[in-house]
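Everything on this sheet refers to the single structure shown next.
The first residue of the sequence shown is numbered 1, and numbering continues consecutively from there.
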Amino acid sequence: MSQITTDPKEHLKALNGFLKQSDGRDKLTAAVQYAAMFVSAGEAGDAKKVQTSVAAARKVFRIFRPLEAASPVLLNPVLNPKKPLLLELINKLKSILMAIYFAGDHVVWASQAGLYTDKEGTEKAQKMSLWSWTLGSVCTVVSECYELLQLSKPPSTGEGREAWEIKRMKAQAEINTRMITLVHALFQTLLAAGLLQLRPMKPRTVGLIGVIASLMNCYMLYPKLPAPALTPPKSYAEATSSTQQPKMELKKA
């Protein structure tokens, strides 16, 4: 079983690395935003004010995110012939949808800042942004399910059971990572659907889903902590020699 270091300096270094990421700060403030939504339950008050102000503050961390989201398509528009065509199209579509999501979010931010005054246009941009987020999350769910099925395939014809077990053990870390990504994408889909009110949800329910999704995102972005240094066990000879009492020499009278 893997262990995590207990050195406070390593934990502080990891936290500093997490907070240096604009995406890390965005997801951390998202957790605060949705926690405030959960507390307020949609009612006016201090918690509702915190939710609104934190939601507006998050926009700063998302500058240039449309370009970042579209980069996989812009830098590599060609489909990979080694992967199924449908999967490649889903991944490209996901990048485009997430770019639209962030672009629409920028329009909403511009409206809140007073730079864009078309109310109807802002509402359309917000709805387009949320729909793109929902569909982009669905694309992630489909993609991760396919990859997990590929990693969990039974032994092929002619492949020994032992060789398959070794291959499966090597792939276990990737399976764990993809499982977390899949669960997170499901929560993101629920959250986006709740914000769109595709299915009636109370603000407190949406807030709870948002907190879980944001904390999962923080976990995924958090730098990996080093394992503690293990002291090699002493050999039997060293262990027994250290317990033996030193012999005393008897001097002749």
Side-chain angles (χ1 to χ4, degrees), residues 11-71 95 97-137 140 184-185 187-197 201-223:
H11 284 275
L12 187 60
K13 193 186 295 183
L15 179 60
N16 188 43
F18 171 75
L19 293 175
K20 277 183 178 178
Q21 305 174 66
S22 60
D23 205 19
R25 295 192 297 274
D26 177 36
K27 301 311 175 189
L28 191 59
T29 50
V32 176
Q33 174 193 338
Y34 289 114
M37 177 187 279
F38 177 81
V39 173
S40 71
E43 300 294 331
D46 291 339
K48 183 69 175 178
K49 290 176 184 176
V50 170
Q51 176 197 334
T52 305
S53 60
V54 171
R58 285 181 62 200
K59 310 298 183 186
V60 180
F61 303 128
R62 297 182 164 203
I63 294 174
F64 299 120
R65 287 301 300 275
L67 183 61
E68 182 184 338
S71 291
S95 296
L97 287 168
M98 294 309 292
I100 295 171
Y101 159 60
F102 287 118
D105 197 52
H106 279 27
V107 174
V108 175
W109 174 71
S111 175
Q112 291 171 344
L115 302 173
Y116 183 68
T117 55
D118 187 348
K119 187 177 179 181
E120 186 180 348
T122 302
E123 288 176 357
K124 287 181 179 178
Q126 186 173 33
K127 187 167 281 191
M128 178 184 67
S129 175
L130 289 173
W131 268 109
S132 298
W133 185 23
T134 306
L135 296 174
S137 298
T140 303
H184 174 256
F187 272 103
Q188 291 275 61
T189 306
L190 277 173
L191 177 58
L195 292 170
L196 277 168
Q197 286 296 297
M201 287 188 194
K202 294 179 180 179
R204 185 156 281 176
T205 304
V206 177
L208 179 60
I209 294 170
V211 169
I212 295 171
S214 301
L215 291 178
M216 285 189 70
N217 225 324
C218 289
Y219 171 78
M220 291 160 68
L221 291 168
Y222 204 82

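In this structure a side-chain-to-backbone donor-acceptor pair under 3.5 Å is missing from Gln126 to Leu130. A donor-acceptor distance shorter than 3.5 angstrom exists from the side chain of Gln21 to the backbone of Leu221, with no hydrogens or angles considered. Ser214 places no side-chain N or O within donor-acceptor distance of the main-chain N or O of Val211, the cut-off being under 3.5 Å. No side-chain donor-acceptor contact under 3.5 Å links Ser111 to the backbone of Val107. A donor-acceptor distance shorter than 3.5 angstrom exists from the side chain of Gln197 to the backbone of Gly194, with no hydrogens or angles considered. Looking only at distances, no side-chain donor or acceptor of Thr205 sits under 3.5 Å from a matching main-chain atom of Met201. Distance alone, capped at 3.5 Å, places no donor-acceptor pair between the Arg204 side chain and the Met37 backbone.
Put simply, OG on Ser132 and CE on Met128 are 6.0 Å apart, with the number rounded to the nearest 0.5 Å. Annotation: the span from Leu208 atom CG to Lys202 atom NZ amounts to 13.0 Å, rounded to 0.5 Å. Once rounded to the nearest 0.5 Å, the distance linking CZ of Phe187 with CD1 of Ile209 reads 7.5 Å. Considering CG of Leu19 and CG of Leu28, their distance stands at 6.5 Å, rounded to 0.5 Å. Rounding to the nearest 0.5 angstrom, the gap separating the OH atom in Tyr34 from the OG1 atom in Thr29 is 10.0 Å. Put simply, OG on Ser95 and CD1 on Ile100 are 11.0 Å apart, with the number rounded to the nearest 0.5 Å.
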Hey, mind stepping through Phe38 and Val206 against side-chain contact (heavy atoms from CB on, under 4.5 Å) and telling me if it holds?
CA-CA 7 Å; Phe38 177 81; Val206 177; over 6 Å; no
Verdict with supporting geometry, Asn217 and Gln188, side-chain contact (heavy atoms from CB on, under 4.5 Å):
CA-CA 10 Å; Asn217 225 324; Gln188 291 275 61; 3.9 Å; yes
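Among Leu97, Leu191, Leu190, Thr189, the single residue meeting the side chain to side chain contact (heavy atoms under 4.5 Å, CB included) criterion with Ser137 is Thr189.
Residue Asp46 places its CG atom among 12 or fewer non-hydrogen atoms of other residues, nucleotides or ligands, all under 6.0 Å distant. More than 12 non-hydrogen atoms from other residues, nucleotides or ligands lie less than 6.0 angstrom from CZ of Phe102.
Counting all heavy atoms, side chain and backbone alike, Lys59 lies closest to Ala55 at CE-O, 3.5 Å. Between Ala47 and Ser40, the closest heavy-atom pair is CB-CB, 3.6 Å. For the pair Phe18 and Gly24, the tightest heavy-atom approach, listed with the atom from each and the gap, is CZ-O, 3.4 Å. Here the closest heavy-atom approach between residue Arg58 and residue Gln33 is recorded as NH1-OE1, 2.9 Å. In terms of heavy-atom proximity, Gly136 sits nearest to Met98 at CA-SD, 4.2 Å. Minimum heavy-atom separation, Pro223 to Gly17: CG-C, 4.1 Å.
Contact of the Glu43 side chain with the Lys48 side chain is not registered, since no non-hydrogen atoms from C-beta on lie closer than 4.5 Å.
Taking the charged nitrogens against the carboxylate oxygens, Lys127 and Glu123 have no contact shorter than 4.0 Å, which rules out a salt bridge.
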With a cut-off of 3.5 Å and sequence neighbours excluded, list every side-chain donor-acceptor pair involving residues 60-68.
unit_1	atom_1	unit_2	atom_2	d
Arg62	NE	Asp26	OD2	3.3
Arg62	NH1	Tyr101	OH	2.9
Arg62	NH1	Asp105	OD2	3.2
Arg62	NH2	Tyr101	OH	3.3
Arg65	NE	Glu68	OE1	3.3
Arg65	NH1	Asp23	OD1	3.0

